[in-house]
Amino acid sequence: MNAPERALSFLLDEDNNEQKITYSADTKVSNAGTFTINKEDHTIANLLRMQLLRDPSVRFVGYIHPHPLVHRIDLKIQTASSTVAPIDVLQSATEDLAGETDHLTTQMTEAIHKWKKENQSGIGQFN
Amino acid sequence: MPHQRFPKVEILSIQPHEIQFILSDTDTSVANALRRIMIAEVPTLAIDLVEFHENTTVLNDEYIAHRLGLIPIKYTPPDSMGGGDCNGAFLPHRECVCYERCPRCSVEFELDVNFDVAVRERQVPEHERCLPFTVTSADLRSNNDLVQPAHFLSQEEEGASHDQGISIVKIGPGQHLKLKAIARMGISKEHAKWSPVAVATYRFFPIININEEACSTLTQDQKQQLVDVCPDRILEIDPVSGKIIVSEHAWETATFTEDLKIAQNAMKKRPEDDDFVTVEHSTDRFIFSVEGTGAMDAEEIVMSSLRVLKDRLHYLGNMIEALKESGM
């Protein structure tokens, strides 16, 4: 009766005009801000966080998944200088990850092809 | 790209229902993200709506509907033989423009089994006429030839089974089950029936270091003791030199138990001495093992999870771009 719809854990709430990602600059700390990403969980958050840690212009990065029943994550980023904004490092991190995923996809396809060629005689062989 | 990693893949084995590979030169977060996506976010087909016309069996409607939902549904692309990715062939039903359902977003299955009719058709001998028989997934008739229930995981399972498919309910004399089931595309986050994997795990590649200097201070008996104390048999005594060496298949069997550490602590002359043999987790090599349910071939599951991750990252990239342009 009170159970929320399961699909709301990954679909944006269009009726309430929910945005995928919002930003609020930190008032007390310089060059810092928090991104709120809706309808995401540790899968993407940890991935982004670890990639951001590789960037030397990032001074601090951390994420929180506040409650398992609340489907959003808060990602806090502080950059080392005011020349680089948190949103810029986040954008480059996302691009790097997309490039890594593409690379992994081609590697995987090639590895599967190679294995199949080496280990199966071809015609007349079931998958 | 400034700080991009370039991961490597080495396939260990591929079978229709299972794939094992080694992923290296990448971070735990990538391995974990892939694992989580394989379990929760790869789209598959599963029965989602059931209309009952007749049910005089011993199980009630919702029980049978629940069982039907858990049957793995295989989509075979026109040019291949095994279970493939259904993402391109079907639309998620929420995005489809049709009123309720259509061939573009769903597949209909019909099941009509009447005990009395079936007994006549299969010419069961007199003395067996009142024995119950099993309604299985083989009795589901699909309206789309490319989509069929996955009855068995492998040929051996098919040979070993008494039934023609996954058992749904057993019916007896006078019982009749007639229903129409609609299968739709979804992800496991919504309901576990849409999960394409039975198991998707990874373990860390072990890094085994043998401190030769320290080992040379051990007696042969002590060395044998160290080799025997490991339940996963990662060490051996080299027959020629008598030294402790790492065995060939250590990376396959390593389970990172504490036995070695405890045995070494007892052997050390002082507690702060270096260990003779250390076993650690590698931080950038992972041994993946993905086992499917029969709905999709294991390598298709991995490729599909990579596609889901790529699409997710592109979508986020676009949203970030939009946020940037709107001036935050």
Side-chain angles (χ1 to χ4, degrees), chain A residues 5-11 19-25 33 35 37 40-57 71 85 87-88 90-112 114-116 118-120 126-127, chain B residues 1-16 19 21-23 26-30 32-37 39-41 80-83 92 94 155 186-187 189-191 297 299 302-303 306-324 328:
Chain A
E5 214 183 284
R6 289 291 293 262
L8 287 179
S9 67
F10 56 92
L11 293 175
Q19 298 300 311
K20 183 72 182 178
I21 179 166
T22 56
Y23 177 75
S24 76
F35 292 91
I37 309 179
E40 287 294 347
D41 60 2
H42 298 282
T43 312
I44 284 292
N46 196 28
L47 199 54
L48 284 171
R49 177 185 69 107
M50 293 308 285
Q51 182 64 27
L52 282 161
L53 281 171
R54 284 161 61 88
D55 194 337
S57 55
H71 305 109
I87 196 162
D88 296 321
L90 182 61
Q91 193 169 36
S92 85
T94 314
E95 281 165 9
D96 288 343
L97 284 170
E100 184 177 346
T101 313
D102 281 332
H103 180 90
L104 190 46
T105 311
T106 39
Q107 289 290 310
M108 193 59 142
T109 333
E110 276 168 24
I112 292 177
K114 203 175 82 152
W115 191 92
K116 284 200 170 157
E118 286 172 11
N119 289 282
Q120 287 174 1
F126 293 112
N127 247 1
Chain B
M1 288 285 100
H3 310 289
Q4 189 183 324
R5 284 180 282 250
F6 296 95
K8 290 208 287 283
V9 176
E10 187 198 321
I11 308 268
L12 295 170
S13 71
I14 302 182
Q15 289 157 281
I19 183 173
F21 61 94
I22 297 182
L23 179 68
T26 187
D27 187 55
T28 329
S29 59
V30 175
N32 195 32
L34 273 182
R35 180 193 67 92
R36 285 177 68 102
I37 291 178
I39 292 174
E41 304 192 47
S80 99
M81 271 188 59
R94 289 186 181 87
Q155 296 281 70
I187 61 175
K189 269 187 165 180
E190 194 172 346
H191 191 288
D297 283 351
E299 80 232 30
V302 181
M303 298 311 299
L306 286 167
R307 180 192 50 77
V308 168
L309 182 58
K310 188 177 88 153
D311 290 344
R312 183 70 52 87
L313 288 167
H314 276 291
Y315 174 54
L316 270 178
N318 291 339
M319 291 292 114
I320 294 170
E321 185 70 45
L323 189 62
K324 209 167 163 183
M328 321 268 247

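Fair warning: this is a prediction, and the values are worked out from it, not measured in the lab. We use all heavy atoms of the structure for the numbers below, so side chains are in, but hydrogens, waters and symmetry mates are not. Letters A, B, ... are given to chains in the order of the sequence lines, protein chains preceding strands, and every chain is numbered from 1.
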Which answer fits [X], side chain, backbone, both or neither, if we ask what part of it has an atom under 4.5 Å from a heavy atom of chain B?
X: A/Leu104; answer: both
X: A/Leu8; answer: neither
X: A/Glu110; answer: neither
X: A/Gln19; answer: neither

Just how far is it from atom [atom1] of [X] to atom [atom2] of [Y], taken to the nearest 0.5 Å?
X: A/Leu90; Y: A/Tyr23; atom1: CG; atom2: OH; value: 10.0 Å
X: A/Asn46; Y: B/Asp27; atom1: CG; atom2: CG; value: 7.5 Å
X: B/Leu34; Y: B/Glu41; atom1: CG; atom2: CD; value: 11.5 Å
X: B/Ser29; Y: A/Leu53; atom1: OG; atom2: CG; value: 9.0 Å
X: B/Phe21; Y: A/Met108; atom1: CZ; atom2: CE; value: 3.5 Å

Option that, when pairs with chain A are counted at under 4.5 Å, heavy atom only, ranks first among B/Leu12, B/Ile11, B/Val9: B/Ile11

Heavy-atom pairs under 4.5 Å with chain A, option from B/His191, B/His314, B/Glu321, B/Arg307 with the top count: B/Glu321

Residue, of A/Arg49, A/Glu5, A/Glu40, that accumulates the most heavy atom pairs under 4.5 Å with chain B: A/Glu40

Chain B contacts, top residue of A/Ala111, A/Ala98, A/Ala25 (heavy-atom pairs, under 4.5 Å): A/Ala111

Under 4.5 Å from any heavy atom of chain A, what part of [X] do you find: side chain, backbone, both or neither?
X: B/Arg5; result: both
X: B/Arg35; result: neither
X: B/Met303; result: side chain

Chi angles and distances behind the salt bridge (Lys or Arg N to Asp or Glu O under 4.0 Å) call for A/Glu100, A/Arg54: CA-CA 14 Å; A/Glu100 184 177 346; A/Arg54 284 161 61 88; over 6 Å; no

Check ion pair A/Asp41-B/Arg36 (N to O, under 4.0 angstrom): yes

Other residues, nucleotides, ligands: >12 heavy atoms within 6.0 Å of B/Lys310 NZ: no

